[in-house]
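We use all heavy atoms of the structure for the numbers below, so side chains are in, but hydrogens, waters and symmetry mates are not.
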Amino acid sequence: MKIDVLTLFPKMFEGPLGESIIGKAREKNLLELNLFDFREFSLNKHHSVDDYPYGGGAGMLLQVQPIYDNLKAIEEKNPATKKRIILLDPAGKPFDQKMAEEFSKEEHLIFICGHYEGYDERIRHLVTDEVSLGDYVLTGGELGAMVMIDATVRLLPDVLGNQTSAPEDSFSTGLLEHPQYTRPPVFNGEEVPEVLRNGNHKLISEWQLKESLRRTYLRRPDLLEEIELTSEMKKYLKEIEEEEKAN
């Protein structure tokens, strides 16, 4: 996969995207990451990329010309690749696991990180997606882009050492992940559930599903409305509701 990032602060990406899983993906040539300071595409002598909005208003807007010319340069260098151009914007569609899965299937992603008060509206005509990290405002789009890149790249084949890790993550199944344990079997009086130590894989799978449902029911019940429940899941949910009422 190739990812290009248009930003005024490329150095912000060097640490987070040079370490851990992303760093290893780059080392193994599973990911090509390019950072562009779009200030270099400004045509005015001060290399400024923002200006006052027509009609008045607070703050400054990013100009369309530097973004347009940066995208044009990328296209000229990569004419054969199908590109998905993502504008980081608080008004965009909320980013989630499903979107990360969609992005992970793309050949070439381009992230545009905004700054200042907002964008010249004509920038929106250059992109395929407008995406928000959440219902809050950050200083710029850089942190949001890093999060989206991390969530996307870890889904690429061969990036994670254990190929079953990503499909079993929270949200990938539509449910929150079940509780997990490792050694020691007892710590400060708290024991690992016996079912996880008995070697019966059928019982373990049943326990994991039920506890995944329990955690989702208690913490994110809204997620249960978005998935198709099997008869087994409905049975477990009924048991969970009765157990929680009893507690």
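Closest of all the heavy-atom pairs between Ala100 and Ala151 is CB-O, 3.9 Å. Closest heavy-atom contact between Leu61 and Pro53: CD1-CB, 3.6 Å. When every heavy atom of Leu133 is checked against every heavy atom of Gly144, the shortest pair comes out as CD2-CA, 3.7 Å. Closest heavy-atom contact between Ala25 and Val153: CB-CG1, 4.0 Å. Shortest non-hydrogen contact noted between Arg215 and Pro179 is NH2-CG, 3.5 Å.
Residue pairs meeting the salt bridge (charged side-chain N to carboxylate O under 4.0 Å, His left out) criterion with at least one partner in residues 26-45, sequence neighbours excluded, are Lys2-Glu32. Evaluation of the side-chain hydrogen bond (donor to acceptor under 3.5 Å, both in side chains) test over residues 47-61, restricted to residues two or more places apart or in two chains, returns Asn44-Ser48. Sorted by first and then second residue, the pairs that involve residues 6-25 and meet side-chain hydrogen bond (donor to acceptor under 3.5 Å, both in side chains), not counting sequence neighbours, are Thr7-Glu142.
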Practice item. Begin with the C-alpha distance, continue with both residues' side-chain angles, and end with the deciding distance and a verdict on side chain to side chain contact (heavy atoms under 4.5 Å, CB included) for Asn34 and Ile74. Key: CA-CA 10 Å; Asn34 302 300; Ile74 292 174; over 6 Å; no
Point to revise | Thr152 vs Met99, side chain to side chain contact (heavy atoms under 4.5 Å, CB included): CA-CA, chis, key distance, verdict | key: CA-CA 8 Å; Thr152 298; Met99 194 179 296; over 6 Å; no
Exercise for review: In sequence, state the C-alpha distance, the side-chain angles, and the governing distance for Met233 and Leu209, and then conclude on side chain to side chain contact (heavy atoms under 4.5 Å, CB included).
Suggested key: CA-CA 8 Å; Met233 294 166 78; Leu209 175 58; 4.2 Å; yes
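From Met148, atom CE reaches atom CG of Leu143 across 11.0 Å, with rounding to the nearest 0.5 Å. Atom CG of Leu160 sits about 7.5 Å away from atom CG of Leu155, to the nearest 0.5 Å. The distance from atom CD1 of Ile67 to atom CZ of Phe38, rounded to the nearest 0.5 Å, is 4.0 Å. Ile110 contributes atom CD1, which lies 10.5 Å from atom CD1 of Ile3 (distance to the nearest 0.5 angstrom). Taken to the nearest 0.5 Å, the CD atom of Glu211 stands 10.0 Å off from the NE2 atom of His178. Atoms OG and CG, from Ser212 and Leu176 in turn, are 6.5 Å apart once rounded to the nearest 0.5 Å.
The cluster map of Ile, Leu, Val, Met, Phe, Trp and Tyr, joined by side-chain heavy atoms under 4.5 Å apart, puts Met60 and Phe41 in different clusters. Met146 and Phe111 fall within the same hydrophobic cluster, defined by Ile, Leu, Val, Met, Phe, Trp and Tyr side-chain heavy atoms under 4.5 Å apart, directly or through other members.
Listed for the Gln97 side chain is no donor-acceptor partner under 3.5 Å among the backbone atoms of Gly174. For Ser132 (side chain) and Lys93 (main-chain N/O), no donor-acceptor pair under 3.5 Å exists by modelled atom type.
The hydrophobic cluster containing Tyr181, built from Ile/Leu/Val/Met/Phe/Trp/Tyr side-chain heavy atoms closer than 4.5 Å, also comprises Val192, Val195, Leu196, Leu203, Ile204, Trp207. The hydrophobic cluster analysis finds Phe187 isolated: no Ile, Leu, Val, Met, Phe, Trp or Tyr side chain comes under 4.5 Å of it, directly or through other members.
Taking Glu226 as the reference, nothing meets the salt bridge (Lys or Arg N to Asp or Glu O under 4.0 Å) condition, with sequence neighbours excluded. For Glu107, the side-chain contact (heavy atoms from CB on, under 4.5 Å) criterion is met by Thr81, not counting sequence neighbours. A search for salt bridge (Lys or Arg N to Asp or Glu O under 4.0 Å) contacts involving Arg124 returns Asp89, Glu121, Glu130, not counting sequence neighbours. Glu244 pairs by the side-chain contact (heavy atoms from CB on, under 4.5 Å) definition with Arg214, Tyr217, Leu218, Ile240, Asn247, not counting sequence neighbours. Residues that satisfy the salt bridge (Lys or Arg N to Asp or Glu O under 4.0 Å) test with Glu117, not counting sequence neighbours, are absent from this structure. Residues passing the side-chain contact (heavy atoms from CB on, under 4.5 Å) test with Arg122 are Val64, Asp120, His125, sequence neighbours excluded. Among residues two or more places apart in sequence or in another chain, the salt bridge (Lys or Arg N to Asp or Glu O under 4.0 Å) test is passed with Asp4 by none.
In this structure, the side chains of Leu87 and Asp129 stay at 4.5 Å or more apart for every pair of heavy atoms. At a threshold of 4.5 Å between non-hydrogen side-chain atoms, the residues Tyr136 and Leu138 count as touching. With a 4.5 Å cut-off on side-chain heavy atoms, Asp158 and Leu30 count as touching. Ile85 places none of its side-chain heavy atoms less than 4.5 Å from the side chain of Leu126. Between Leu223 and Leu175, the closest side-chain pair of non-hydrogen atoms is not below 4.5 Å. Taking the side chain as every heavy atom from C-beta outward, Tyr236 and Glu206 approach each other to under 4.5 Å. For the pair Leu71/Ile112, a side-chain contact is recorded, criterion being any heavy-atom separation below 4.5 Å from C-beta on. By the 4.5 Å heavy-atom criterion applied to side chains, Lys83 and Glu106 are not counted as neighbours.
Checking Val5, Thr128, Ile86 one by one against Leu109, the side-chain contact (heavy atoms from CB on, under 4.5 Å) holds for a single residue, Ile86.
Using a 4.0 Å cut-off between a side-chain N of Lys or Arg and a carboxylate O of Asp or Glu, Asp96 and Lys98 do not qualify as a salt bridge. For Glu194 and Arg197, the salt-bridge test passes: some basic side-chain N is under 4.0 Å from an acidic carboxylate O.
More than 12 non-hydrogen atoms from other residues, nucleotides or ligands lie less than 6.0 angstrom from CG of Asp222.
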